[in-house]
Asks: 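Sharing a structure below in C-alpha cells format, with a few things to ask.
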Amino acid sequence: MTPKAIRHLSTVDPVMQRLIREIGPCELEPEPRRSPFHSLVLAVAHQQLHGKAAQNILARFQKLFPHRRFPHAEDLAHVTDEQIRACGFSYAKIRAIRDIAEKTLSGVVPNSRQIVKLSDDEIIARLTEVRGVGRWTVEMLLIFQLGREDVLPVDDFGVRNGFRIAYKKREMPKPKALLKFGERWRPHATTAAWYLWQAANTVINI
C-alpha cells in the first residue's frame with residue numbers, strides 16, 4: 001500500500017521480496033466512501049454466491065429505493081421481507097440485513113465518521129455482534145473500506161493458499177501457524193495479505 005510497507009516486507013522476508021518483484025506494485029485501493037452499513041449489506045449479499053449472482057440481487061434490491069444510490073438503514077422500514085425476498089435474498093440473509101439496519105440505528109454499527117476513530121479490535125468486537133457477520137467479513141471491511149494497514153485474515157482461503165504456493169508448502173497453513181509466521185510482516189500485514197492473494201491467482205517464478 002505504501003513504499004514503506006514494501007521496504008519492510010522485502011527486508012524481513014525473502015519470499016515476500018521475491019513475490020513483490022514478480023507481481024509488481026501493490027494495487028490495493030480501499031473505498032472509504034462506503035458507509036459501514038453499505039459494506040456489511042454488500043458482504044452479506046456476496047456470502048456463498050458467485051460475484052455476478054450477488055450483483056444481480058443487489059441491483060434488484062437497490063431498485064426498491066429509487067431515490068437513493070444505496071439505501072440507508074432507516075429505509076429498510078419501508079419495504080417488506082417479501083419485497084426483499086423477491087430480489088433473490090434468502091430469508092436468513094434478510095434477517096441479517098434487518099439486523100445490520102437495526103444495529104446501525106441503535107449505534108452498535110458505527111457510522112462513517114465514528115468508525116475511523118475506532119481500533120481494528122474495537123471494530124471487530126462491535127460488528128461481529130451483528131447476525132451473519134463474522135470476523136472474516138469485518139476484516140474485509142477493514143481492508144477494502146477503511147484501508148487499515150495491519151490486517152491479516154488468516155481464515156481466508158486465498159491468503160492461506162497463497163502462502164502454501166509462495167512458500168512451497170505441501171499443505172495449507174493452519175490459521176494459528178499463519179498468524180504466528182505473519183508477526184514478521186507487522187505493521188504491514190495487509191500488504192502481505194494482498195501479495196498472498198496474488199500468489200494464489202498468478203503463475204509466478206519463485
Side-chain angles (χ1 to χ4, degrees), residues 1 27-148 151 153-161 190 193-194 197-198 200-201:
M1 293 172 72
E27 298 176 351
L28 178 59
E29 292 288 344
E31 296 189 28
R33 289 175 293 180
R34 284 182 187 160
S35 69
F37 171 78
H38 187 167
S39 290
L40 291 176
V41 172
L42 292 183
V44 167
H46 281 84
Q47 287 172 357
Q48 299 175 320
L49 287 177
H50 292 295
K52 185 64 175 177
Q55 289 167 14
N56 289 338
I57 291 170
L58 284 164
R60 292 191 289 269
F61 177 67
Q62 288 175 241
K63 287 180 181 178
L64 297 177
F65 310 92
H67 302 297
R68 302 270 199 197
R69 290 185 63 186
F70 195 85
H72 294 180
E74 57 269 25
D75 297 329
L76 270 291
H78 303 297
V79 295
T80 66
D81 288 356
E82 287 70 27
Q83 286 175 291
I84 301 174
R85 179 73 183 94
C87 298
F89 283 108
S90 67
Y91 283 112
K93 289 188 176 183
I94 292 169
R95 289 192 292 273
I97 291 169
R98 293 284 189 196
D99 199 45
I100 294 167
E102 179 183 322
K103 286 185 168 63
T104 297
L105 294 173
S106 69
V108 173
V109 175
N111 61 35
S112 297
R113 291 188 300 275
Q114 295 166 338
I115 199 168
V116 297
K117 300 176 183 178
L118 301 176
S119 70
D120 294 355
D121 288 341
E122 288 172 326
I123 294 169
I124 290 169
R126 286 175 64 164
L127 297 191
T128 51
E129 292 183 35
V130 178
R131 178 193 291 269
V133 175
R135 184 183 181 92
W136 177 87
T137 298
V138 184
E139 288 171 336
M140 296 304 102
L141 181 149
L142 291 171
I143 292 171
F144 294 105
Q145 180 194 332
L146 298 179
R148 296 295 173 93
V151 181
V154 296
D155 294 309
D156 185 272
F157 177 85
V159 168
R160 294 170 62 213
N161 194 40
T190 298
W194 186 86
W197 275 317
Q198 306 316 303
N201 295 295

Asks: Closest approach of Ser35 and Ser112, non-hydrogen atoms and distance?
Replies: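 Looking at all heavy atoms of both residues, the shortest contact is CA-OG, 3.4 Å.
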Asks: What distance do Leu64 atom CG and Gln83 atom CD have between them, rounded to the nearest 0.5 Å?
Replies: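 Between atom CG of Leu64 and atom CD of Gln83 there are 6.0 Å.
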Asks: Output every pair passing ring-ring contact (aromatic ring centres under 6.0 Å, His included) with a member in residues 107-145, not counting sequence neighbours, ordered by first then second residue.
Replies: Phe144-Trp197
Asks: Measure across Ala54 and Ala45 and return the closest heavy-atom pair with its distance rounded to 0.1 Å.
Replies: CB-O, 3.6 Å
Asks: Given Leu76 and Ile84, is the side-chain contact (heavy atoms from CB on, under 4.5 Å) satisfied, shown in steps?
Replies: CA-CA 9 Å; Leu76 270 291; Ile84 301 174; 3.8 Å; yes
Asks: Quick one: list whatever passes salt bridge (Lys or Arg N to Asp or Glu O under 4.0 Å) with Arg95, sequence neighbours left out.
Replies: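 Salt bridge (Lys or Arg N to Asp or Glu O under 4.0 Å) list for Arg95, sorted by chain: empty.
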Asks: Give a yes or no on whether Arg69 atom CZ has more than 12 heavy-atom contacts from other residues, nucleotides or ligands under 6.0 Å away.
Replies: no
Asks: Side-chain donor-acceptor pairs under 3.5 Å in residues 124-131, sequence neighbours left out?
Replies:
| residue | atom | partner | partner atom | Å |
| --- | --- | --- | --- | --- |
| Arg126 | NE | Val108 | O | 3.0 |
| Arg126 | NH2 | Gly107 | O | 2.7 |
| Arg126 | NH2 | Val108 | O | 3.3 |
| Thr128 | OG1 | Ile124 | O | 2.6 |
| Thr128 | OG1 | Ala125 | O | 3.4 |

Asks: Going by the side chain to side chain donor-acceptor pair (under 3.5 Å) test, which pairs reach into residues 101-111, not counting sequence neighbours?
Replies: Asp99-Lys103
Asks: Show every ring-ring contact (aromatic ring centres under 6.0 Å, His included) that has at least one partner inside residues 68-117, sequence neighbours left out.
Replies: His38-Phe70, Phe61-Phe89
Asks: Looking at residues at least two apart in the chain, or sitting in another chain, which of them share a side chain to side chain donor-acceptor pair (under 3.5 Å) with Asp155?
Replies: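 For Asp155 there are no side chain to side chain donor-acceptor pair (under 3.5 Å) partners, ignoring immediate neighbours.
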Asks: Does Arg34 have any side chain to side chain donor-acceptor pair (under 3.5 Å) partners at least two apart in sequence or in another chain, and if so, which?
Replies: Glu31
Asks: Of all the heavy-atom pairs spanning Gln145 and Ser39, show the shortest one and how long it is.
Replies: OE1-OG, 2.7 Å
Asks: Using the side chain to side chain contact (heavy atoms under 4.5 Å, CB included) criterion, which residues pair with Leu105? Sequence neighbours excluded.
Replies: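 Ala73, Glu74.
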Asks: Taking all atoms of both residues into account, what is the closest heavy-atom pair of Arg68 and Asp75, and its distance?
Replies: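 Heavy-atom minimum between the residues: NE-OD2, 2.9 Å.
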Asks: Side-chain contact, heavy-atom cut-off 4.5 Å: Lys93 with Ile57?
Replies: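 The answer is no, as the side chains (C-beta and beyond) never meet within the 4.5 Å cut-off.
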Asks: I need the Leu28 CG to Thr190 OG1 distance, nearest 0.5 Å.
Replies: 7.5 Å
Asks: Return each pair, listed once, that meets side chain to side chain donor-acceptor pair (under 3.5 Å) where at least one residue sits in residues 51-65; pairs must be two or more places apart or across chains.
Replies: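 Not a single pair qualifies under side chain to side chain donor-acceptor pair (under 3.5 Å).
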Asks: Drop me the distance from Asp120's CG to Leu141's CG, to the nearest 0.5 angstrom.
Replies: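 Rounded to the nearest 0.5 Å, the CG-CG separation comes to 10.5 Å.
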Asks: Taking atom CE of Met140 and atom CG of Leu40, what is their separation to the nearest 0.5 Å?
Replies: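 That separation rounds to 13.0 Å.
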Asks: Looking only at non-hydrogen atoms, find the nearest pair between Ile123 and Arg148 and report the distance.
Replies: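 Nearest heavy atoms, Ile123 then Arg148: CD1-NH2, 3.7 Å.
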Asks: Give the minimum heavy-atom separation between Gly158 and Ala200, together with the two atoms involved.
Replies: O-CB, 3.6 Å
Asks: Which pairs with one or both residues in residues 133-144 pass salt bridge (Lys or Arg N to Asp or Glu O under 4.0 Å), sequence neighbours excluded?
Replies: Arg135-Glu139
